[in-house]
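As a basis for the values below, the full set of heavy atoms in this structure was taken, side chains included, without hydrogen atoms, waters or symmetry mates. So that the names make sense, note that chain A is the first sequence line, chain B the second, and so on, each numbered from 1.
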2 protein chains.
Amino acid sequence: MNLQDAINVLKEKGYKTTGKRKDILEFFASEDGYRPAKDLIVHLENKYGTISFDTIYRNLHLYHDLGILEKTDLEGEKHFRLSCSHHHHHHFICTDCGKTKEIDICPMDTATAELTNYEIDDHKFEIYGRCPACLNA
Amino acid sequence: MNLQDAINVLKEKGYKTTGKRKDILEFFASEDGYRPAKDLIVHLENKYGTISFDTIYRNLHLYHDLGILEKTDLEGEKHFRLSCSHHHHHHFICTDCGKTKEIDICPMDTATAELTNYEIDDHKFEIYGRCPACLNA
DNA sequence: TTGTAAATAGGAATGATTACGATTTTGTGA
DNA sequence: TCACAAAATCGTAATCATTCCTATTTACAA
């Protein structure tokens, strides 16, 4: 999912493409890892001086509902990143910088065998640690 | 990890075994799923009328640090359960009742092959959905 | 260009969690 | 057993992320 894809999704669904909506997408396009709302707020305050929480969180939820952003709960804060829509995979997440690396292993195919009679709605497989760049810094 | 194991850990490490510490362990021993601090507060308020947040959270952190409780972040709330110390595994978590089922698959052995030069500190593999009991209710 | 539904502002409210000084309790060792 | 020091708890205030609300502004279709 890139910037233009995301804007197209917005338009297709009839949402308005405001300047701030584009700013938010650009922010996530320029990062390649999970970022908390806080970072987005700082980024937009640099540009606008002030930004409404409502704008931040409403759009984060909207993008998540539209599949534009992926979300994960890390230490009591929700973190977001642009969705990787090309194929199903999981992530290593650097706990220092938030950058991610794709992991092309999904254990669900074998795991479901242990879950007959269960309804499965979602799953999460994440690996935490420090990336090579942060290890060298 | 059962109640007695947990009390032994406390004593070995020189922590005092107060009535409330035992109450908290008994609460988790009587549940077999992830519970939020909120539920523990309600449980202890039923017995004592009032309970300090400090007592709740200090002990939850202590138990987590000692490996007595496992923790997971679910929708902005931290949830805890007694550690399953017998062997390494993961969980299906029922989003209705919080009960868990062990999943004896761990994808880490193959995943680490994709992560040379990365420092790996932790990982999470969780499956969310509804358990048979909640599906029938 | 204009009307209107959607989006944003600004700030109050909420909910989980943390922090802290005062008080109480536990376990130790005299 | 008793007294003491350290640890634990209390009660409450503060903090932090997030949600909610009403008034105002804006995008975009006609």
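- Between B/Asp121 and A/Arg130, none of the side-chain N atoms (NZ, or NE/NH1/NH2) sits under 4.0 Å from a carboxylate O, so this pair counts as no salt bridge.
- A/Glu75 has its CD atom 13 Å from the P atom of C/dT17, to the nearest Å.
- For the pair A/Ile56 CD1 and D/dC16 P, the interatomic distance rounds to 18 Å; values are reported in whole Å.
- Regarding B/Asp73, its CG atom lies at a distance of 12 Å from the C1' atom of C/dT17, rounded to whole Å.
- In this model, the phosphate group of C/dT18 is not approached by any side-chain N or O of B/Arg58 to a distance below 4.0 Å at OP1 or OP2.
- With hydrogens and angles left out, the side-chain atoms of A/Asn8 and A/Glu12 include no donor and acceptor closer than 3.5 Å.
- When rounded to the nearest whole Å, the span between NE2 of B/His64 and P of C/dT18 equals 12 Å.
- Look at NZ on A/Lys78: it is 11 Å from C1' on C/dG15, rounded to the nearest Å.
- Residue A/Arg21 has a polar side-chain atom (N or O) positioned under 4.0 Å from OP1 or OP2 of C/dA7.
- The shortest distance between the side-chain N/O atoms of A/Thr17 and the OP1/OP2 oxygens of D/dA27 is not below 4.0 Å.
- For the pairing with B/Arg58, the side chain to side chain contact (heavy atoms under 4.5 Å, CB included) check across B/Ile56, B/Asp54, B/Leu62 returns one residue only, B/Asp54.
- Put simply, A/Thr18 has a side-chain N or O that comes within less than 4.0 Å of OP1 or OP2 on C/dT8.
- Between A/Phe80 and A/His64, the ring planes lie perpendicular to each other; the angle is over 60°, past the 30° to 60° tilted range.
- Taking the six-membered ring for Trp and thresholds of 30 and 60 degrees, A/His61 and A/Tyr57 have ring planes inclined between 30 and 60 degrees apart.
- For A/His90 and A/Phe125, the ring centers are positioned less than 6.0 Å apart.
- With 3.5 Å as the limit, one finds a donor-acceptor pair spanning the side chains of A/Glu126 and A/Thr72.
- Between B/His89 and B/His87, the ring planes lie tilted relative to each other; the angle falls in the 30° to 60° range.
- If you check the side chains of A/Thr100 and A/Arg81, you find a donor sitting under 3.5 Å from an acceptor.
- Nucleotide C/dG10 holds its C1' atom 12 Å from the NZ atom of A/Lys20, rounded to whole Å.
- Separation of the B/Tyr118 and A/Phe92 ring centroids falls under the 6.0 Å cut-off.
- Under 4.0 angstrom from either OP1 or OP2 of C/dT18 there lies no side-chain N or O belonging to B/Tyr57.
- A tilted orientation is assigned to the rings of A/Phe27 and A/His43, their planes being inclined by 30° to 60°.
- Nearer the 5' end of DNA chain C, as judged by each residue's closest nucleotide, is the contact made by B/His79, out of B/His79 and B/Lys11.
- The shortest distance between the side-chain N/O atoms of A/Thr55 and the OP1/OP2 oxygens of C/dA7 is not below 4.0 Å.
- Judged by distance alone with a 3.5 Å cut-off, a donor-acceptor contact links the side chain of B/Lys16 to the base of D/dA6.
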Which protein N or O atoms sit under 3.5 Å from an N or O of nucleotides 19-24 of chain C?
residue : atom : partner : partner atom : Å
C/dC20  : N4   : B/Asp54 : OD2          : 2.3

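- Summarising the geometry, the separation between CG on A/Leu74 and P on D/dA17 is reported as 14 Å, rounded to the nearest angstrom.
- Of all the residues in residues 25-51 of chain B, B/Ala37, B/Lys38 reach under 4.0 Å from DNA chain C with at least one non-hydrogen atom.
- Between the P atom of D/dA8 and the CG atom of B/Asp23 lies a distance of 16 Å, rounded to the nearest Å.
- More than 12 heavy atoms of other shown residues, nucleotides or ligands fall within 6.0 angstrom of atom NZ in B/Lys124.
- Dashed line: the shortest gap from a side-chain N or O of B/His61 to OP1 or OP2 of C/dT18 is under 4.0 Å.
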inquiry  = Can you give me the dot-bracket string for DNA chain D, 5' to 3', counting Watson-Crick and G-U wobble pairs with both distances under 3.5 Å, using [ ] for crossing pairs and | for partners on another strand?
reply    = ||||||||||||||||||||||||||||||
